[in-house]
Amino acid sequence: VWVMALHIHMLACAFGLGSWVAVNGLWVELPLIVNALPEGWELPSYLTVIIQLANLGPLLVTLMHKLCPGRLKERFVIYFILSIGVLSCLLLAFFWDRTTIVAGVPHSTAFFIITFFLSLVDCTSSVTFLPFMMQLPAKYITTYFIGEGLSGFIPGLVALGQGVGMARCVNSSQTGNHTGYGKLHTEYLPPNFSTEFFFFFLTAMMCISLAAFCALNRLPRTFTLSTEDLVPDTVASVCSGLDNPALETDGEDVKSQAERSGHSKPLLAARTHSVYQLTFIYFLVVWVNAATNGLLPSVQTYSCMPYGNLAYHLSAALSSMANPVACIIAMFFPYRSLVFLGVLGLLGTGFGSYNMAMAALSPCPLLQHSAAGEAIIVLSWVLFTGSLTYVKVMVGVILRDRSHSALVWCGVAQQMGSLVGSVTMFPLVNVYQLFKSGDFCNTKCPL
């Protein structure tokens, strides 16, 4: 029996890997991609908008559940989106650097289109994977959440192993045996393995998730659903994808089925909050998501690249790993005090403000060309992500304990914050060009 249980735990963990591994993988690979694609440092601002557009997927799933209840089968949707994920990662490995001319300017059209489909897969997973997992005993749902956390941790770890090519300055007029004194340009040495190899790795991760789902789907349906263990850990479910309120709607559908079968027990007593406290909570939700999903990711290149490719590489990889680590900390050390969460949110905002200030000072930020400057910007990004992720999780826990409708509105507030953050930054970066890019070899900064 324990061998079978271990087998299912491994399958549940592997299935969870496919939830956000593609988008997380793209973010940690950006330090290498921005030097090769024509958008350059503006690339992250495009990605934040594309990911928000991909929320069309969970919206369609939600509408199907509302308009045609019981007609949409999660297993078929999951087969479809995981297959799209495998195909998209594979295409990305071959076409990520292909460009086309749009309005006389080269653009990474193939990269953007494939990224949209990858984002569609990951966003839709938030409203389909968990309802499917709720057919299994609660202990396996916890393992699924571990796998979902690893979907951010593993790409970050692999990216650290990949390393980043060091930059060197090369004279542009060096041709053959003749050496002139032309303008210097930046040349990046290759990393430990190529971007194509990294995308093949993401393809393998998606294949593992698809294979695990096929195996889970073939398990005999001999389990009984227990609402007292429906979601074994509130923190884990909040970490999993409260960005999509439809996830909670689906969970409520499963719960109501169990209640009709006579196995219902109250999950948690609702907690009372004043109007001012609720206003503060929802403000935290909107602000934290605007900062972490829109405002700051759009300018990460501008805040890190002036310190060198290594600083950007470490910031992207370690920030990706800080997210699941913060969820695990929240799982074992939950602290619901609104004063504490407010102070922690203010602290995270302080780190974010430093990151934004360095982006605004680009290409000549503080402590440039110093080890201290590089260490501070990397640490600031990690602490920014970790602290605000903890706040995001605990606020979700508070609202989940309050009521289902409060949690749905939490999801709406999260989406609104993410959308406002992305849409605000896109014109500032790409239209008004308030943030300036630089060149490692040719940027002259005052001492």
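The structure presented is a predicted model; accordingly, all values stated were derived computationally and were not measured. Below, each value reflects all heavy atoms present in this structure, side chains not excepted, and no hydrogens, waters or symmetry copies.
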Okay, side chain of [X], backbone of [Y]: is any donor-acceptor separation there less than 3.5 Å?
X	Y	value
S362	M358	no
S303	A359	no
D97	L37	no
S298	S45	no
S151	E148	yes
N35	P31	yes
S108	F111	no
S418	A290	no
K436	Q433	yes
S380	I376	no

Derivation and outcome, side-chain contact (heavy atoms from CB on, under 4.5 Å), residues W381 and C304: CA-CA 9 Å; W381 269 99; C304 297; 3.5 Å; yes

Do the ring centers of [X] and [Y] come within less than 6.0 Å of each other?
X	Y	value
Y354	F384	no
F426	Y46	yes
F193	F198	no
F94	F200	yes
F112	H107	no

ring-ring contact (aromatic ring centres under 6.0 Å, His included): pairs with one or both residues in residues 289-332, sequence neighbours excluded: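 Applying ring-ring contact (aromatic ring centres under 6.0 Å, His included) to every pair that reaches into residues 289-332, excluding sequence neighbours, yields W41-Y302, Y302-F435.
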
Mutual orientation of the aromatic rings belonging to Y140 and H9 [parallel < 30°, tilted 30-60°, perpendicular > 60°]: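 Rings of Y140 and H9: tilted, as their planes differ by 30° to 60°.
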
Which distance, rounded to the nearest 0.5 Å, do you find between the [atom1] of [X] and the [atom2] of [Y]?
X	Y	atom1	atom2	answer
L346	L341	CG	CG	12.5 Å
F351	L383	CZ	CG	4.5 Å
T48	L43	OG1	CG	10.0 Å
L17	F15	CG	CZ	11.0 Å

Counting neighbours of [atom1] on [X] that are heavy atoms of other residues, nucleotides or ligands and sit closer than 6.0 Å, is the number greater than 12?
X	atom1	result
F201	CZ	yes
Y335	OH	no
F283	CZ	no
W287	CH2	no

What I want to check is whether the side chains of [X] and [Y] have a donor and an acceptor closer together than 3.5 Å.
X	Y	answer
N323	T385	no
H65	E74	yes
E29	Q162	yes
W27	Q300	no

Member of P324, S319, C327 meeting the side-chain contact (heavy atoms from CB on, under 4.5 Å) criterion with T389: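 With T389 as partner, P324, S319, C327 yield a single side-chain contact (heavy atoms from CB on, under 4.5 Å), made by C327.
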
Summary of disulfide (SG to SG under 2.5 Å) pairs that have at least one residue in residues 331-398, sequence neighbours excluded: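 Sorted result for residues 331-398: C364-C445.
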
Verdict with reasoning, V382 to S315, per side-chain contact (heavy atoms from CB on, under 4.5 Å): CA-CA 7 Å; V382 172; S315 296; over 6 Å; no

Test side-chain contact (heavy atoms from CB on, under 4.5 Å) applied to M394 and F340, step by step: CA-CA 11 Å; M394 292 314 303; F340 171 75; over 6 Å; no

Heavy-atom side-chain proximity of C13 to L150 below 4.5 angstrom: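 Touching, per the 4.5 Å side-chain cut-off.
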
Heavy-atom side-chain contact between F129 and V77 under 4.5 Å: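 With C-beta onward as the side chain, the pair stays apart.
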
Intermediate values then yes/no, side-chain contact (heavy atoms from CB on, under 4.5 Å), L136 and I141: CA-CA 7 Å; L136 303 178; I141 302 178; 5.6 Å; no

